[in-house]
Number of protein chains: 2
Amino acid sequence: MTEAAFKNWQAVQDEVRRRIHARIWAPGEMIPNEQDLAEEFGCARATVNRALRNLSDAGLLERRRKAGTRVALHPVRKATLNIPMIRKEIEDRGQSYGYERLMYRDGVPPEELSRRMKARAGDRFVRVTSVQTADGAPFVFEDRWINLSTVPAAAAEGFETVSANEWLLTNAPYTEGDIGFFASNASDEVAGVLGCEPGAAIFVIDRVTWDNDRSITGVRQYFRPGYRMETSI
Amino acid sequence: MTEAAFKNWQAVQDEVRRRIHARIWAPGEMIPNEQDLAEEFGCARATVNRALRNLSDAGLLERRRKAGTRVALHPVRKATLNIPMIRKEIEDRGQSYGYERLMYRDGVPPEELSRRMKARAGDRFVRVTSVQTADGAPFVFEDRWINLSTVPAAAAEGFETVSANEWLLTNAPYTEGDIGFFASNASDEVAGVLGCEPGAAIFVIDRVTWDNDRSITGVRQYFRPGYRMETSI
DNA sequence: GAGTGGTCTAGACCACTAA
DNA sequence: TAGTGGTCTAGACCACTCC
């Protein structure tokens with residue numbers, strides 16, 4: 001601690017973490033400015049900046065120009081979830097992947113989804129439901145609406161062998177998405193597909209993706225009972 | 001597009017995003033190296049680096065030394081969830097917050113949790129259950145074990161008026177945490193506390209936090225039916 | 001107005017790894 | 001071994017915002 005020993009931003013970050021954790025810098029308290037820290041650590045200001053910016057992104061510090069940097073009083077923990085393609089998730093577990101299309105039909109989404117997808121008059125949609133399996137057992141039931149007005153090419157694809165998810169990723173990349181997670185009791189339909197009792201607690205991911213201001217697709221994925229999504233913070 | 005017009009890293013990032021989205025740089029394809037892009041964009045290499053690093057963190061690019069940078073073939077999208085303190089989440093909705101401790105008892109965690117918390121021989125634990133309310137209605141039921149060997153000070157706190165969550169945040173900061181999300185049918189106990197039917201689908205967050213290699217606490221939070229966790233990607 | 005973080009620059013060296 | 005990204009430096013200017 002006596003000599004300059006923090007020559008890279010990760011070492012600086014670790015040292016700042018240590019001081020926060022050891023209450024040398026208490027929650028809510030100001031810490032020295034970048035210039036002073038750079039001198040203390042014997043490195044360039046940019047290096048300190050990189051470290052502090054990272055900690056700020058992680059929610060441990062709060063930074064404001066002129067006001068300076070303080071230790072967050074109530075660190076809002078941020079969990080980063082990876083949303084992989086189902087196929088990749090299953091194959092990464094070393095299981096065999098299967099896909100089956102269940103239904104394909106033109107139509108109009110239910111009112112609530114129409115609103116969420118900001119459907120315009122004249123927009124055309126197709127609904128595709130499917131099941132994806134791991135080692136032959138149902139893994140996820142997917143109920144999806146595709147906006148053909150945004151993705152006309154989808155009208156020529158029946159999604160009989162290729163999942164809509166993968167086809168869209170390749171053919172209709174999105175710029176933004178809204179995603180929600182919740183729990184739902186299995187309906188008879190969901191229970192039938194997933195092979196569980198009606199009423200079983202099902203983990204659901206609900207997503208709408210956008211190509212700028214045009215909705216591409218709205219989808220609900222019902223995972224098999226016991227599914228657990230994990231990460232670290 | 002003809003003249004140098006990308007003088008800051010966000011503009012560079014936007015332009016790279018645009019080229020990926022427009023398939024000027026197709027998935028799986030290599031893009032020019034940082035030096036060349038810096039010349040094309042009329043900025044310093046560090047600026048390009050910042051932009052590309054950001055896109056790499058977001059999962060849109062894959063970078064390897066010597067191999068260069070390519071557009072991700074299967075972009076693993078990353079959703080960042082904010083895990084706020086319950087009190088903050090409720091107050092931010094403009095609702096009144098309430099806390100009630102239900103149970104406080106010394107004991108030993110169930111086998112599975114003991115293992116996850118890497119309990120050592122002689123470790124002492126206390127179990128605290130509580131309910132937090134929004135405008136008087138049950139919002140979340142919390143079932144928590146605290147490792148008193150890691151946090152001795154917790155033994156002197158009854159958590160009668162202060163939630164264990166908030167007390168721990170202030171008094172036993174963690175360095176890491178594992179977090180999981182899943183759906184569960186309400187047990188009689190959970191249903192009783194949350195005021196719903198037994199069997200209702202409940203969104204559950206399951207967490208273990210660590211002070212380096214010592215577990216601090218393991219907690220399960222059962223949210224009221226209909227709870228939905230949202231973010232954007 | 002002044003102090004802070006945010007960013008850019010030009011150059012340099014290093015670490016990794018594909019060829 | 002050579003090419004790429006990863007990082008550091010020293011200096012500079014800018015943007016924001018508290019006083």
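Reminder, nothing fancy here: chain letters follow the sequence lines and each chain counts from 1. Note that these values count all heavy atoms, side chains included, but never hydrogens, waters or copies made by symmetry.
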Distance below 4.0 Å between B:R53 side-chain N/O and D:dG6 OP1 or OP2: no
- prompt: Rounded to the nearest Å, what distance is computed from the CD atom of residue A:E62 to the P atom of nucleotide C:dG5?
  reply: 14 Å
message: Please confirm whether the shortest side-chain N or O distance from A:N33 to OP1 or OP2 of C:dT4 is below 4.0 Å.
response: yes
message: Any salt bridge linking B:E142 with B:R220? Criterion: basic side-chain nitrogen under 4.0 Å from a carboxylate oxygen.
response: no
- prompt: Would you call A:D14 and A:R19 a salt bridge, taking side-chain N to carboxylate O under 4.0 Å as the test?
  reply: no
message: Within the 4.0 Å heavy-atom criterion, would you say A:Q10 contacts the bases, only the backbone, or no part of the nucleic acid?
response: sugar-phosphate
task: Please tell me which of B:A46 and B:I31 maps to the more 5' nucleotide of DNA chain D, matching each residue to the nucleotide holding its nearest heavy atom.
output: B:I31
message: Are A:F223 and A:F141, when compared by the centres of their aromatic rings, separated by less than 6.0 Å?
response: no
- request: Let me know the distance between CG of B:N54 and C1' of C:dG6, rounded to the nearest Å.
  value: 14 Å
task: On DNA chain D, check which nucleotide each of A:C43 and B:R65 is closest to and give me the residue with the more 5' one.
output: B:R65
message: I need the CZ-C1' distance between B:R70 and C:dT17, as an integer number of Å.
response: 14 Å
- prompt: Can you check the A:M30 CE to C:dG5 P distance for me, whole Å?
  reply: 7 Å
- request: Please state how far atom CG in A:N49 lies from atom P in C:dG6, giving the value in whole angstrom units.
  value: 6 Å
- prompt: Within the pair A:N8 and D:dT7, is there a side-chain N or O less than 4.0 Å away from OP1 or OP2?
  reply: no
- line: note: B:E34, atom CD; C:dG11, atom P; distance rounded to Å ~ 16 Å
- prompt: Contact class for B:A67 vs. all strands (heavy atom < 4.0 Å): base, sugar-phosphate, or nothing?
  reply: sugar-phosphate
message: Taking the six-membered ring of A:Y174 as reference, does the cationic atom of B:R77 (NZ for Lys, CZ for Arg) lie under 6.0 Å from its centre and within 45° of its axis?
response: yes
task: Could you pick out which residue, B:W9 or A:Q35, lies toward the 5' side of DNA chain C when each is mapped onto its nearest nucleotide?
output: A:Q35
task: Using a 4.0 Å heavy-atom cut-off across all strands, classify A:R45 as base, sugar-phosphate, or nothing.
output: base
- request: Starting from C1' on C:dA10, measure out to CZ on B:R50 and report it in whole angstrom.
  value: 18 Å
message: Under 3.5 Å, is there a donor on one side chain and an acceptor on the other for A:R63 and A:S56?
response: no
query: So does A:T69 get a side-chain nitrogen or oxygen closer than 4.0 Å to the phosphate oxygens (OP1/OP2) of C:dG5?
result: yes
statement: Whole-Å distance, B:L37 CG to D:dG3 P, equals 18 Å
- line: Testing C:dT7, C:dT9, C:dG1 for proximity to the side chain of B:A44, the answer is C:dT9
query: Considering only side-chain heavy atoms of B:R63, which listed nucleotide, C:dT7, D:dT9, D:dG5, is closest?
result: D:dG5
